[in-house]
Amino acid sequence: MAEAKDNPLMEKIVSLCKRRGFIFQSSEIYGGINGFWDFGPLGAELKRNVKELWWTTMTRLRDDVVGLEATIIMAPQIWKASGHVDTFSDPMCDCLLTKKRFRADQIEPQSGQVFHFSGAKDTASGKESVEPFSVLLPAGKPPESARNVASQFYASRGISQPVLSGERTEKAENTTRFNPENGAQLTDPRPFNLMLQTYVGPIQSDENIAYLRPETAQAIFAQFKNVHETSRQKVPFGIAQIGKAFRNEVTPRNFIFRSREFEQMELEFFIKPDEAIEAIHGSVATVADTGHPGEPQPNWGWQAWHRYWVEERVRFYEGIGLSKETLGFHHQTPEELAHYARACTDILYKFPFSKRDESGEVKGDELEGIAARSDFDLSQHERHSGKLMGVFDEELRTAWGKLPAEKQSELSARYYAARLKYLTKSGVPQEKAELDAKEDAEGLAKGQYIPHVIEPSAGVDRLILALISNAFQETTSTDEKGKSETRTVMKFHPRVAPVKVGVFPLLKNKPELVAKAREVFQSLRGQVMAFYDDAGAIGRRYARQDEAGTPYCVTIDFDTLGEKPELLNTVTVRHRDDGKQERIAISELQGWLLARVK
RNA sequence: GCGGGCGUAGCUCAGCGGUAGAGUACUAGUCUUCCAAACUAGUUGUCACGGGUUCGAAUCCCGUCGCCCGCUCCA
């Protein structure tokens, strides 16, 4: 018998997702494929609603954000420029004894005496291993300790009283083939590339390798110039994109939380560098560390914009039913931040699998990261493509001319320092970096700069899982016969609920009720996602819709047909969360629903 | 990638060497005037996949795949 389930809530959610058609394992009939998931009928509706709400909120309801839909496969140079080719492919080695994993390029080179063994034999059982094994013995340590490590290795192979065989020794200088902690031999370095590869064109050769994008962001940077030139937007403005991304994760885990094919909703919001803001407005606005800073202001620098987007995104999550209590935050420490990043705030959701920290608090796991990425990304593409990524800012040029000379040189010096730091960190030789940084500082004085960026980047699938976890509610009740029964209600916010309304005739065997119910259903289905059901008792149909998370159910009864003349052409509307019912005229039904689900 | 656990009907699980079951769900019917009602009848499985041991395998062994947990990795 299996042990008690480690995470019963998670198990229930996974099982409900399958039972009700939210999420299936990809390729299930062939045994599945690790890290890939399909969305069933209800899941597809839920996901569509979430993406549509994001798109509407981020683009259509704003003056300063436009959309983009780029390809998944792009020029491989993009991934060179972004750093993914380098940082996403680290050769790794494992310790043969402790199984600890090392990045091959981070192992301290060591010197000493290498002890090779050809195998070992168990004195008691006669069991034998012919697997060779080596141990590095640092200078000054007794040979016994090397033999001891080897014995432990063979013991882990099932030879409890190992007698080592074939011992020979050899000197080694600056080797990285051994675990620095215990001297045990490591496996050969094996490449780990987190990007999925394919070939473009019929020839499968190295020069035809292409990558499936590991994030959607880079397409936005790569198309920045085109969008900027054609959209009549001026900095500050943003480009939004929703799309698939792929990562060859070592360990896909936690249902759809970390998968190999996933969908992102990303905004790259381009802003002026702080030096430009200061030149134009005299100073950069400061905003409080907490709370929404209000409507965007022209004198906002990166800190204010970063805060603004964190709060905007929290409002979005609250607007689809994730209350503040279910969310968490992680402010990346300077050590965690990438070298080019100024700040990064992660918005977390407290998933059923989220762990407690040392203080017993559940922090949550990441739904979205809002990063202040400086001008790193556009600068990288400028250097790698040779195309200028800067913008010209009339306002800055005019303002700059009116600045006192000392202010000009102060801002120039700061901009120069920032550009120099970027260039040298990127490996540009010192001399050239200084020249380029000087040129950039002169450009600033003429109204030119590479925009900085604030990047709110959200994972759609994780959000779906958060919404499902958040909606899941079980109640167990005992009826008068003492029979206990568990009911599941998915309390989705009406805005994201896959089905908005269920339409039922009270009884199936009364043709007048069925005909009227079909008529009401037809009038609603074009406006909102509606579901018609006449199978089983009315209570059962309500329960089915509760499990699907349908917020409203409409029942056509004899009063609808005029049994009580004053109720002619009215229906019962039943609310999912409290079971309460109200009477609404059919003529008002559509407006009533739209007001609640939009 | 390593270690541990697991994989039986759509779902939850029982069966653990003698040829597949329960509850639930689903379908049809009777009935039913608002919260999983009852009754009747019915459908559903290459027992994850492949191989081996055996007269005989869901059951034992090996391999593969997948899921969960811990490491490792990852944002």
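Since this is a predicted model, take the numbers as computed values, not measurements. Proteins get letters first, then strands, A, B, ... in listed order; numbering begins at 1 in each.
One C1' atom belongs to B:U43, the other to B:G7, and the distance between them is 24 Å to the nearest Å. Spacing of P atoms, B:G52 relative to B:A38, comes out at 49 Å, to the nearest Å. Comparing B:G45 with B:A20, their C1' atoms sit 9 Å apart, to the nearest whole Å. Of the P atoms belonging to B:A36 and B:U24, the separation is 15 Å, rounded to the nearest Å.
Residues A:Gly35 and A:Lys18 each lie close to RNA chain B; by heavy-atom proximity, the contact nearer the 5' end of the strand is made by A:Lys18. Heavy-atom nearest nucleotides on RNA chain B were determined for A:Trp37 and for A:Glu366, and the one closer to the 5' end corresponds to A:Trp37.
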List the atom pairs, with distances to 0.1 Å, where a side-chain N or O of residues 369-380 of chain A and a protein N or O form a donor-acceptor pair under 3.5 Å, not counting sequence neighbours.
unit_1   : atom_1 : unit_2   : atom_2 : d
A:Arg373 : NE     : A:Asp377 : OD1    : 3.4
A:Arg373 : NE     : A:Asp377 : OD2    : 2.8
A:Arg373 : NH2    : A:Tyr340 : OH     : 3.4
A:Arg373 : NH2    : A:Asp377 : OD1    : 2.7
A:Ser374 : OG     : A:Tyr340 : O      : 3.0
A:Ser374 : OG     : A:Phe376 : N      : 3.3
A:Asp375 : OD2    : A:Arg419 : NH1    : 2.8
A:Ser379 : OG     : A:Asp375 : O      : 2.6
A:Ser379 : OG     : A:Arg419 : NH1    : 2.9
A:Gln380 : OE1    : A:Arg383 : NH2    : 2.9
A:Gln380 : OE1    : A:Tyr422 : OH     : 2.7
A:Gln380 : NE2    : A:Ala81  : O      : 2.7

Counting only pairs under 3.5 Å, give me each side-chain donor-acceptor contact of residues 24-44 of chain A, with atom names and distances, residues two or more places apart or in other chains.
unit_1  : atom_1 : unit_2   : atom_2 : d
A:Glu28 : OE2    : A:Lys18  : NZ     : 3.1
A:Trp37 : NE1    : A:Phe255 : O      : 3.3

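One atom, CD of A:Glu28, and another, C1' of B:G10, lie 10 Å apart when rounded to the nearest Å. A:Leu9 has its CG atom 14 Å from the C1' atom of B:C68, to the nearest Å. A:Arg576 has its CZ atom 19 Å from the C1' atom of B:C34, to the nearest Å. For A:Ile538 and B:C31, the CD1 to P distance is 18 Å, given to the nearest whole Å. As rounded to whole Å, 19 Å separates atom P of B:G10 from atom CG of A:Leu42. If you measure from atom CG of A:Leu186 to atom P of B:U72, you get 16 Å, rounded to the nearest angstrom. The interatomic distance linking A:Lys508 (NZ) with B:U27 (P) rounds to 8 Å, in whole Å. The nearest whole Å value for the distance from the CZ atom in A:Phe353 to the P atom in B:C68 is 10 Å.
Checked by distance alone, A:Ser15 brings no side-chain donor or acceptor within 3.5 Å of a matching partner on the base of B:C11. Taking only distance into account, the side chain of A:Asn509 meets the base of B:U32 through a donor-acceptor pair shorter than 3.5 Å. In terms of polar N and O atoms assigned as donor or acceptor, the side chain of A:Glu368 never comes within less than 3.5 Å of the base of B:A75 in a complementary pairing. Contact of A:Arg574 with B:C35 (side chain to base): a donor-acceptor pair of N or O atoms is detected under 3.5 Å. In terms of polar N and O atoms assigned as donor or acceptor, the side chain of A:Tyr542 comes within less than 3.5 Å of the base of B:C34 in a complementary pairing. One donor-acceptor pair, N or O on each side, does fall under 3.5 Å between the base of B:G70 and the side chain of A:Arg253.
The residue A:Gly40 sits apart from the nucleic acid: no heavy atom pair falls under 4.0 Å. A:Glu547 comes within 4.0 angstrom of a base, heavy atoms only.
Checked against side chain to side chain contact (heavy atoms under 4.5 Å, CB included), A:Asn148 has the following partners two or more places apart in sequence or in another chain: A:Gln152. Checked against ring pair (Phe, Tyr, Trp, His ring centres under 6.0 Å), A:Phe472 has no partners two or more places apart in sequence or in another chain.
The nucleotide B:A58 finds no pairing partner, because no Watson-Crick or G-U wobble arrangement with both distances shorter than 3.5 Å includes it. Figure legend. B:C26 is base-paired to B:G42; pairs are counted as Watson-Crick or G-U wobble with both atom distances under 3.5 Å. Figure legend. B:C73 is base-paired to no nucleotide; pairs are counted as Watson-Crick or G-U wobble with both atom distances under 3.5 Å. When Watson-Crick and G-U wobble pairs are counted only if both distances are under 3.5 Å, B:A37 pairs with no nucleotide at all. Across all strands shown, B:G63 forms a Watson-Crick or G-U wobble pair, both distances under 3.5 Å, with B:C49. For B:G17, there is no paired nucleotide, since no Watson-Crick or G-U wobble pair has both relevant distances below 3.5 Å.
Checked against A:Leu467 for a side-chain contact (heavy atoms from CB on, under 4.5 Å), the options A:Asn470, A:Leu465, A:Leu463 give a single hit: A:Leu463.
At distances below 3.5 Å, not a single donor-acceptor pair connects side-chain atoms of A:Thr560 with backbone N or O atoms of A:Ile556.
With distances taken from any side-chain atom of A:Gln581 to the nucleotides B:C11, B:G66, B:C35, the minimum falls on B:C35. Nearest nucleotide to the side chain of A:Arg19, out of B:G66, B:C34, B:C11: B:C11. Side-chain proximity of A:Leu506 to B:U33, B:C11, B:A36: nearest is B:U33. Taking every side-chain heavy atom of A:Thr555 into account, B:C34 is the closest of B:U33, B:C34, B:C69. Closest to the side chain of A:Gln25, out of B:C67, B:C74, B:A75, is B:C67. Comparing atom distances between the A:Glu336 side chain and each of B:U12, B:A75, B:C34 picks out B:A75 as nearest. Of the listed nucleotides (B:G10, B:U33, B:C74), B:C74 has the atom at the smallest distance from the side chain of A:Glu249. Of the candidates B:A75, B:C34, B:C74, B:A75 carries the atom nearest the A:Gln332 side chain, counting heavy atoms from C-beta on.
Geometrically, A:Arg518 engages A:Tyr532 in a cation-pi contact defined by less than 6.0 Å to the ring centre and at most 45° from the axis. Both the sub-6.0 Å distance and the 45° axial angle are not jointly satisfied by A:Arg20 relative to the ring of A:Phe22.
Contacts classified as ring pair (Phe, Tyr, Trp, His ring centres under 6.0 Å) and involving residues 557-579 of chain A (residues at least two apart or in different chains) are given here: A:Tyr552-A:His575, A:His575-A:Trp592.
Using a 3.5 Å distance cut-off with no hydrogens or angles, the side chains of A:Arg574 and A:Thr555 do not pair a donor with an acceptor. A donor-acceptor contact under 3.5 angstrom links the side chains of A:Glu266 and A:Ser457, judged on distance only.
For A:Arg487, a side-chain nitrogen or oxygen approaches OP1 or OP2 of B:A36 to under 4.0 Å. The shortest distance between the side-chain N/O atoms of A:Asn34 and the OP1/OP2 oxygens of B:C65 is not below 4.0 Å. Of the side-chain N and O atoms in A:Lys355, one or more sit less than 4.0 angstrom from OP1 or OP2 of B:G70. Between B:A38 and A:Arg540, no contact under 4.0 Å exists linking OP1 or OP2 to a side-chain N or O. Between A:Asn254 and B:C69, a side-chain N or O to OP1/OP2 separation shorter than 4.0 Å is present.
Taking a 4.0 Å limit (strictly below) on heavy-atom distances, residues 454-467 of chain A does not reach RNA chain B anywhere.
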